[in-house]
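We use all heavy atoms of the structure for the numbers below, so side chains are in, but hydrogens, waters and symmetry mates are not. We number each residue from 1, following the sequence as shown. Just so it is clear, the model here is predicted, and its values are computed rather than measured.
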Amino acid sequence: MERTQVAIIGAGPAGLLLGRMLELAGVDAVILEHRTRAHVEGRIRAGMLEHRTARLLEELGLDERMRREAFVHHGFEMRFDGTRHRIPMAELTGGCTAVMYSQQEIVRDAIEARAASGLPLEFDVGDVRLDGPETDHPKVRYRASDGSERVLACDFIAGCDGFHGVSRTSVPDGVLTAYERDYPFAWLGVLADVAPSTFELIYACHERGFALHSMRSSEVSRFYLQVPPDADLADWPDDRIWAELQLRLGTDDGAPLAEGAITKKSVTAMRSFVVEPMRHGRLFLAGDAAHIVPPTAAKGLNLAAADVRLLADALCIWYESGDPTALDAYSDDALRGVWRAQQFSRSMTSLLHHDPSDPMEWRLQHAELKHLCTSEAAMRNFCENYVGLPAVGRVHRREPEPT
């Protein structure tokens with residue numbers, strides 16, 4: 001039997017950022033991860049950080065490499081009908097920017113910080129079971145990477161292990177209500193060894209489907225194409241991908257995209273998912289364990305960071321004073337931001353993706369796009385949602401020991 005204050009299930013961004021916040025506050029935590037470290041650090045995920053998420057990384061001291069390597073965006077482009085329209089995001093939001101820094105880099109930075117602290121972070125664990133989360137003395141049973149069976153007693157469990165993790169599925173039937181929607185298209189994502197043709201994001205609405213030009217570094221670009229949900233990568237050779245990107249992202253007055261070797265391809269389903277509440281007893285869900293958003297607005301990572309900032313604040317208040325008010329409010333407080341992000345993600349997805357079977361919707365999309373790109377009020381509202389809600393919850397820091 002081992003003991004800690006908070007057992008964190010999952011070493012993705014949610015679990016690692018929560019662990020870092022608790023570390024700074026002097027709250028003990030053990031992080032357990034089913035996958036190997038190499039697998040966790042190698043997962044390719046989106047990398048657009050809202051203003052509040054980038055500031056959180058600064059507060060946590062995880063921003064050194066981000067400041068050196070990330071792209072800071074003060075605006076982005078909308079393209080449709082062969083024309084380009086720049087949206088001056090920072091100008092319209094009082095200086096708020098978006099930061100391009102991929103999720104796996106955040107994970108690497110957080111793992112390195114955790115390793116440097118010497119605090120427990122266990123990879124490659126198996127057979128994780130939550131025991132008594134509805135009681136005041138929950139436990140986590142698991143098999144360590146060396147094959148030994150362990151029992152971790154704790155005060156609270158943070159379920160940060162994603163949509164397919166054990167945390168949410170450990171909640172008894174009837175406790176949670178699930179809301180979900182599948183979209184009739186998917187994204188074909190590719191990484192290419194080519195310098196970005198632009199240093200701000202480009203969103204394109206085209207009669208052949210949505211396209212997005214993003215970037216990972218000064219030498220690596222990231223692209224996405226709308227495809228059917230049953231798309232087979234075998235049907236998408238490199239030449240076809242580049243032809244579609246050139247067509248959908250092309251403008252009447254612009255140069256063609258620079259092309260390069262495509263190194264990775266994947267198809268991502270488009271879905272929305274939320275469970276309510278985000279708590280069962282002393283088990284608290286955060287990140288993808290509680291909600292999934294379509295990737296159009298890049299809210300997934302940012303929602304995870306917002307969840308755990310709230311959760312860390314509430315846990316620290318409980319350990320400082322014994323006051324459970326913030327813990328009791330966690331689910332409602334988190335869900336307010338979750339549903340707002342779901343609404344914006346759905347709206348942006350509907351705005352930019354094309355259904356050839358619905359010509360009226362195509363005309364409505366054009367009307368909305370033209371309004372967005374010509375009305376300052378519409379642009380400001382869009383940008384305020386795009387850069388994210390204000391941060392809720394503070395980062396606690398342990399007072400230094402007197403000398």
Report task. Look at Arg129 together with Asp131 and state whether they make a salt bridge at an N to O cut-off of under 4.0 Å. Result -> no
Query raised in the report: Does a salt bridge link Arg279 with Asp328, judged by any charged N lying under 4.0 Å from a carboxylate O?
Result: yes
Query raised in the report: Are side-chain heavy atoms of Leu56 and Met21 found at a separation under 4.5 Å?
Result: yes
Query raised in the report: With a 4.0 Å cut-off, would you call Arg52 and Glu50 a salt bridge?
Result: yes
Query raised in the report: Does the pair Arg380/Glu376 count as a salt bridge with the N-to-O cut at 4.0 Å?
Result: yes
**Report entry** ring pair (Phe, Tyr, Trp, His ring centres under 6.0 Å) partners of residues 78-135, not counting sequence neighbours, each pair once
**Finding:** Phe80-His85
Query raised in the report: Is it true that Asp124 and Arg35 have a side-chain N and a carboxylate O under 4.0 angstrom from each other?
Result: no
Query raised in the report: Does the salt bridge (charged side-chain N to carboxylate O under 4.0 Å, His left out) test come out yes or no for Glu207 and Arg248, once each step is laid out?
Result: CA-CA 8 Å; Glu207 63 182 1; Arg248 299 187 197 186; over 6 Å; no
Report task. Sorted by first residue and then second, give each salt bridge (Lys or Arg N to Asp or Glu O under 4.0 Å) pair with at least one member in residues 266-276; sequence neighbours left out. Result -> Glu180-Arg271, Asp182-Arg271
Query - Test item: His396 and Ile317 side chains (from C-beta on) under 4.5 Å apart, heavy atoms - result: yes
Query raised in the report: According to the salt bridge (Lys or Arg N to Asp or Glu O under 4.0 Å) rule, which pairs have a member within residues 209-237, sequence neighbours left out?
Result: none
Query raised in the report: Does a side-chain N-to-carboxylate-O contact under 4.0 Å join Glu200 and Arg86?
Result: yes
Query raised in the report: Do Arg114 and Ile31 touch side chain to side chain, with heavy atoms closer than 4.5 Å?
Result: yes
**Report entry** Donor-acceptor contact present, side-chain Ser197 to main-chain Leu257, <3.5 Å
**Finding:** no
Query raised in the report: Can you tell me how far the CG atom of Asp307 sits from the SG atom of Cys160, to the nearest 0.5 Å?
Result: 8.5 Å
Query raised in the report: Given Arg55 and His51, is the side-chain hydrogen bond (donor to acceptor under 3.5 Å, both in side chains) satisfied, shown in steps?
Result: CA-CA 6 Å; Arg55 299 292 83 77; His51 190 78; 3.3 Å; yes
Distance-only check: which donor-acceptor pairs under 3.5 Å involve side-chain atoms of residues 6-20, not counting sequence neighbours?
residue: Arg20; atom: NE; partner: Leu60; partner atom: O; Å: 2.8
residue: Arg20; atom: NH1; partner: Glu23; partner atom: OE2; Å: 3.4
residue: Arg20; atom: NH2; partner: Leu60; partner atom: O; Å: 3.0

Report task. To the nearest 0.5 Å, tell me how far Leu212 CG sits from Leu249 CG. Result -> 8.0 Å
**Report entry** Atom pair CZ/CG of Arg340 and Leu335 - distance to nearest 0.5 Å
**Finding:** 15.0 Å
Report task. Output, in order, the C-alpha distance, side-chain angles, deciding distance and verdict of side-chain contact (heavy atoms from CB on, under 4.5 Å) for Phe163 and Arg168. Result -> CA-CA 8 Å; Phe163 181 78; Arg168 188 184 68 257; 3.7 Å; yes
**Report entry** Sole residue of Arg309, Arg394, Arg397 in side chain to side chain donor-acceptor pair (under 3.5 Å) with Glu59
**Finding:** Arg309
Query - Atom pair CG/CZ of Leu24 and Arg398 - distance to nearest 0.5 Å - result: 9.0 Å
Query raised in the report: Does anything in residues 212-241 pair up under ring pair (Phe, Tyr, Trp, His ring centres under 6.0 Å), and if so which pairs, sequence neighbours excluded?
Result: Trp187-Tyr224, His213-Phe223, Phe223-Trp242
**Report entry** N-O pairing of Asp238 and Lys265 below 4.0 Å
**Finding:** yes
**Report entry** Check: Phe199 ring centre within less than 6.0 Å of Phe71 ring centre
**Finding:** yes
Query - Distance-only donor-acceptor check, side chains Tyr319 and Asp155, under 3.5 Å - result: yes
Query raised in the report: With a 4.0 Å cut-off, would you call Glu149 and Arg141 a salt bridge?
Result: no
Query - Partners meeting ring-ring contact (aromatic ring centres under 6.0 Å, His included) with Tyr183 (sequence neighbours left out) - result: none
Requested in this report: Compare all side-chain heavy atoms of Arg346 with those of Gln342 and state whether any distance is below 4.5 angstrom.
Outcome: no
Query raised in the report: Should Arg37 and Glu41 count as an ion pair when the cut-off is N to O under 4.0 Å?
Result: yes
Query raised in the report: Is there a donor-acceptor contact under 3.5 Å from the side chain of Ser221 to the main chain of Ala192?
Result: no
Query - Audit row: Arg84, Thr251, side-chain hydrogen bond (donor to acceptor under 3.5 Å, both in side chains) steps and yes/no - result: CA-CA 7 Å; Arg84 63 178 75 209; Thr251 59; 3.0 Å; yes
**Report entry** Side chains of Leu352 and Met78 in contact at under 4.5 Å (non-hydrogen atoms)
**Finding:** yes
Query raised in the report: Can you tell if the side chain of Arg208 reaches within under 4.5 Å of the side chain of Pro356, non-hydrogen atoms only?
Result: no
Report task. May I ask you to test the Leu22-Leu315 pair for a side-chain heavy-atom distance under 4.5 Å? Result -> yes
Report summary line: d(Glu2 CD, Cys154 SG) to nearest 0.5 Å is 11.5 Å
**Report entry** Pro184 vs Met270 side-chain heavy atoms within contact, under 4.5 Å
**Finding:** no
Query - Nearest-0.5 Å distance that lies between atom CD in Gln226 and atom CG in Asp355 - result: 8.5 Å
